[in-house]
Every structure is written in structure tokens, then in C-alpha cells.
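To keep things clear, I will list the structure first and then write my remarks on it.
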Protein chains: 2
Amino acid sequence: MQHERANKVFEMLKQKDYKVTPQRKEILTLFLKKDGEHLSAEEVYRVLQESHPEIGLATVYRTLDLFAELDVLQKLSFDDGKNRYELNDSEIHHHHHLICLNCGKVLEFGDDLLEALEEQITAKIDFKIIDHKVKFYGYCSGCY
Amino acid sequence: MQHERANKVFEMLKQKDYKVTPQRKEILTLFLKKDGEHLSAEEVYRVLQESHPEIGLATVYRTLDLFAELDVLQKLSFDDGKNRYELNDSEIHHHHHLICLNCGKVLEFGDDLLEALEEQITAKIDFKIIDHKVKFYGYCSGCY
DNA sequence: CTGGATGCAAACTGTTTGCATCAGA
DNA sequence: TCTGATGCAAACAGTTTGCATCCAG
């Protein structure tokens, strides 16, 4: 149920004294609709443009920042010069990215395998890990 | 022996019909001197400025790009809006980064542990991994 | 009604490019 | 000599900011 998720976010906004504006609603709705995609500010802006031409690019940026801060979205960067955002899968259930060096396609994989690695690092180095980002580069099935 | 490493790179440049210019020499020398540091173009530019004020920022960018392409340097991004470069430790001996969320300090660790992970991924997903970038976020010993 | 949110345009930052000049091979 | 490399300035892309206006609470 998508709007259930949305309502949860709206709740949270209110609780933290942020206003629930139509712009914020629209942007969240877009991400819920495109669950799993990694959208840039520009892309969000362009899509919304069609149905809501009043929304400004600055508002998109501000809203994406806000949502990232509230952990509604996760901020990503694939080193193409622009930040991307994706819906943060509720509870800490990360996934990571396989980036095809040829066609640029981005595949994903879960991070269960990484937990063991984290433990080993924590044991070796005096560093408390609380998050990680992993990117693998290579060639997807269509490209080799 | 540092200039041995430098000479190797100069060799390579010549072999690939790139010219060995004083600017390229200076930039490489800087990275050799600051081995292990992650320098941004701006930083390289500012440091060189002191001893070689003629060198232009555009040249720094072009040279960093070139070196990255030749695998002399490795291009990194710590999501602070600017690219950084570090000396690429000769043969494929990667290390990865532990980024302190509090003070921004960047620690490093080797990647021997990751190999097993790669194999598991390759087995599961149809994707030929040829490189990876891993970043862990957390708190370093001074910050928790 | 009131302060936070918005839209717009201008400012900013990091990076790239066009072009005349320079210099390594 | 002659093409690739440089320096400079202008152009660019993505993002941020100032400010008058608007509207959710």
C-alpha cells in the first residue's frame, strides 16, 4: 500500500514541525511510484514539470536534501557529476550497486554478505562503522 | 626511490606519444611526495602555485585526467562535490576508505577481504566485476 | 496571522572548452 | 618544424542562496 508509506512520512514531517506541502507530497509520491530508481534532481524536476509546472528546481533540491536528512531518501553518487536519490528501504536494509562500465546500467545486490566484512574491519581497526557504500564496476551480461 | 617511479611514468608517457612536460613532471612529483594523500585539483593547483605560479588550473585538470586514464592516479569521490586523486599503488592493490562522519578524517584498509565477496556476487549475478569502490562511514577513534 | 516553504533569478563551485601561443620530440 | 600541450578566459553543469511572496498550521 503506497499511500500508507507516504502517510508515515507526512506524520514524521508534522512531528518535526515541517510543513506538508503539495510540493513535498508530489516529490515523495514520485519516488514511491518509481520505487527502486535512482533519480537526479533534474530528472525529478522534469517529470514533475509535466503535471505541476509551477514547481521550481530549487524546491526540488531543498526537498531532496530534506528527505535525505530524514532518511526518507538515500543520497547516491555514481561519479557522473550529479547526485541521485532513491527511496530508502524503510529499515536498514541496504543494497549496493554494480555499475556497467560499458552501458552505464546499474544493477543491485543486497548487503548481507558485507556484514562479515564489517566485523573483520572493526576488529582490526579502531573505527565504528555505521554505514557503508559499495560500488562494483564491470560489465553486465549484455556488454561482454 | 621516488624518481624511479617517476621515470617509469615518463617512459610510459613517451611510449604512448604523450609529451613529458615540466607541468606533468611537477604534478607527478607532488603526488609522489605526498604519497597516500587524496588531493583535489584545487589543492594540487594551490600547492604548485607557490613554486610554479605559471601553471594553470586547466592544465592541472587535464593532467589529472590523463594520469587517471593511464592508471597513474586513481580518481576518488568522497561526496563533497569535488573529485580527488591519489597515487595508484602500482599493481592492482586497492585499498578502501573509512570516512569519519564527525571529523571527516579518511582512514584506509586493504581489500583482501573483498575478494571472497566478489566471487559470491559473480556466482549469483551475471556481472563481470573488474573493479570496486567501497566506502565505510562511521566514527574514528578520536570521535566516539 | 505568522514563520516556514516556495519560485525565481542571480550567485557559486567545480570542471570543461575554445583559441592563440608555446615548446617537446 | 609541427603537433600536442599550455594558459587564459569564457562557457558550462549542478547546486545553493537572497528575497519577495505565499500558504499550511
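Note that the coordinates shown come from a computational prediction; the quantities given were computed from them, not determined experimentally.
Contacts between residues 12-28 of chain A and DNA chain D, defined by a heavy-atom separation below 4.0 Å, involve A:K19, A:V20, A:P22, listed by number. Remark: nothing in residues 40-53 of chain B comes within less than 4.0 Å of DNA chain D through any heavy atom. Of the residues in residues 56-66 of chain B, B:G56, B:A58, B:T59, B:R62 come within less than 4.0 Å of DNA chain D through at least one heavy atom, sorted by number.
Atom CD in A:E86 sits 9.0 Å away from atom CG in A:L73 (nearest 0.5 Å). Rounded to the nearest 0.5 Å, atoms CD (B:Q74) and CG (B:N88) are 5.0 Å apart. With rounding to the nearest 0.5 Å, the separation of NZ in B:K75 from CG in B:L64 is 9.0 Å. Between the CG atom of B:L66 and the NZ atom of B:K16 there is a distance of 9.5 Å, given to the nearest 0.5 Å. Rounded to the nearest 0.5 Å, atoms CG (A:L87) and CZ (A:F67) are 10.0 Å apart. With values rounded to the nearest 0.5 angstrom, A:E37 atom CD is found 10.5 Å from A:R84 atom CZ.
Within the 4.5 Å cutoff, side-chain heavy atoms of A:D65 are placed close to those of A:Y85. Looking at B:L70 and B:V9, their side chains never come closer than 4.5 Å, going by heavy atoms from C-beta outward. The side-chain heavy atoms of A:F10 and A:R24, taken from C-beta on, include no pair separated by under 4.5 Å.
Bracketed by its first and final contacts, the part of DNA chain D lying under 4.0 Å from non-hydrogen atoms of chain A reaches from D:dG14 to D:dG25 in 5' to 3' order.
Axis angle between the ends of the helix from C:dC1-D:dG25 to C:dA25-D:dT1, five pairs each and rounded to 10 degrees, works out to 40°.
Residue B:A6 comes nearest to B:L32 through the heavy atom pair CB-CD1, 3.7 Å, listed as atom of the first residue, atom of the second, then distance.
Not counting sequence neighbours, the partners of A:Y45 by the side chain to side chain contact (heavy atoms under 4.5 Å, CB included) test are A:E42, A:Q49, A:L57, A:V60.
Note: CG (A:D80) to C1' (C:dG14) measures 15 Å, nearest angstrom.
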